[in-house]
Amino acid sequence: MKVLTALSGLTGVADQARELRDSGVHGVFTFEGPHDVFAPLTLAAGVGGLDLMTNVAIAFPRNPIHLAHQANDHQLLSGGRFVLGLGTQIRTQIEKRFGAAFDHPVHRMVELIAALRAIFEAWNTGARLDFRGDYYQHTLMTPTFSPGPNPHGAPPIYLGALGPRLTRAAAEHADGLLVMPFSTKRFLHESTMSAVRAGLAQAGRRAEDFRVVPEIIVATGATDAEREAAEAAARMLLGFYASTPAYAPVLAAHGWQDLQPELNALSKQGQWAQMGARITDEILHTIAACGTPAQVAARIRDRVDGIADTVCVYQAAPIAPAVVGAIVSELG
């Protein structure tokens, strides 16, 4: 099983990536946080031997041409080991933080993927760029601005999704699905995969031509004290996620639907510590993989068996590369 984990910060990224690679990790990913999602991957690309992935780049504030150039450049820098992972985020973040439009997000995302593919085709084949959609129009690509054919081909496009409509759209139009970290075995197998199968059937695609990559929140450490601190951090993280209406279906799948509005109210009061305290042991261990590296590996395998051969490890608290390597070793 291939394991990817997150890069943190910008300082010493190459050393961090090298240490993770040497510990046995197969790849690294980034998310939209306090730093640009592409910058750490640019720094890590020179290390070599690692898959690189945005997990995820928020799509709607970016223009398809910008995304295409960034993805194509990282495909070149990584020697063909880059995956462009895209996500929608939620309406409040898109409209209030990014100042961008969020109307018809599923249709907009499907069209953005089509626009990216049209741009990649124009670069790789020399075909005329003539994409005309409801949200994006790209009808000019002069030689000055074309990077030309990529020797590694166009990078694959994965889509982060949780709801059934976007998950089906990913299976219909993208190369892979990035399963959001706030998930459970039951939700993955019953809800997510049901939508994936529906999308593949609608598009007439084979399951083997589509990748499902779960991201799993992990709380572990080399000592009991480290594991206890990691579990406390995981409770805070889950409290934050569970306060968001978009994640209510995961809670509802286990009969915990009353927790979401309670946590949402606490978030509006700034009661962050109290939110983590609302995450019971049952909720913690159902959503996150906790324990020793061997226990974490067993819980990851139990969740994704029969669905995925690649997982992304979301570190609830910083995990030493050697400990991540132990998880990789246990997974085989």
The side chain to side chain donor-acceptor pair (under 3.5 Å) partners of Gln16 (sequence neighbours excluded) come to Ser8
Practice problem: Hey, could you give me the CG/CZ distance between Leu140 and Phe145, rounded to the nearest 0.5 Å? | Solution: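 Nearest 0.5 Å value for the CG-CZ distance: 8.0 Å.
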When rounded to the nearest 0.5 Å, the distance separating CD of Gln315 from CD1 of Ile216 is 13.5 Å
Closest heavy-atom contact between [X] and [Y]?
X: Ile300; Y: Met1; value: CG2-SD, 4.3 Å
X: Ile279; Y: Leu284; value: CG2-N, 3.9 Å
X: Glu262; Y: Arg278; value: OE2-NE, 2.5 Å
X: Phe182; Y: Val250; value: O-CG2, 3.4 Å
X: Arg303; Y: Ser183; value: NH1-O, 3.4 Å

- Asp302 with Arg299: basic N within carboxylate O range, under 4.0 Å: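 No salt bridge links Asp302 with Arg299.
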Do the side chains of Arg21 and Asp51 get close enough for a salt bridge, i.e. N-O under 4.0 angstrom?
no
Side chains of [X] and [Y]: does their closest heavy-atom pair fall under 4.5 Å?
X: Trp123; Y: Asn150; result: no
X: Glu19; Y: Asp15; result: no
X: Pro64; Y: Phe131; result: no
X: Arg97; Y: Gln89; result: yes

For [Y], is there any backbone N or O sitting under 3.5 Å from a side-chain donor or acceptor partner on [X]?
X: Gln295; Y: Thr292; answer: yes
X: Glu215; Y: Val179; answer: no
X: Ser267; Y: Asn264; answer: yes

Ring-face cation of Arg108 near Phe60 (centre distance under 6.0 Å, axis angle within 45°):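 Flagged: Arg108 positioned over aromatic ring of Phe60.
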Using side-chain contact (heavy atoms from CB on, under 4.5 Å) as the criterion, list what pairs up with [X], not counting sequence neighbours.
X: Glu172; value: Gln202, Ala203
X: Phe38; value: Asp36, Thr54, Ala57, Arg62, Leu67, Gln70, His74, Phe82, Leu84
X: Thr144; value: Thr142
X: Asp309; value: Arg211

Tell me which donor-acceptor pairs under 3.5 Å the side chains of residues 111-119 have, and how far apart each pair is, sequence neighbours excluded?
residue	atom	partner	partner atom	Å
Glu111	OE1	Asp134	N	2.7
Glu111	OE2	Asp134	N	3.1
Glu111	OE2	Tyr135	N	2.5
Glu111	OE2	Tyr136	N	2.8
Arg117	NH1	His173	O	2.6
Arg117	NH2	His173	O	3.3
Arg117	NH2	Asp175	OD1	3.2
Arg117	NH2	Asp175	OD2	3.0

query: Any luck finding a side-chain donor-acceptor pair between Thr184 and His254 under 3.5 Å?
result: yes
*Take Arg91 and Asp103, measure what salt bridge (Lys or Arg N to Asp or Glu O under 4.0 Å) needs, and give me the verdict at the end.*
CA-CA 8 Å; Arg91 179 180 296 275; Asp103 54 308; over 6 Å; no
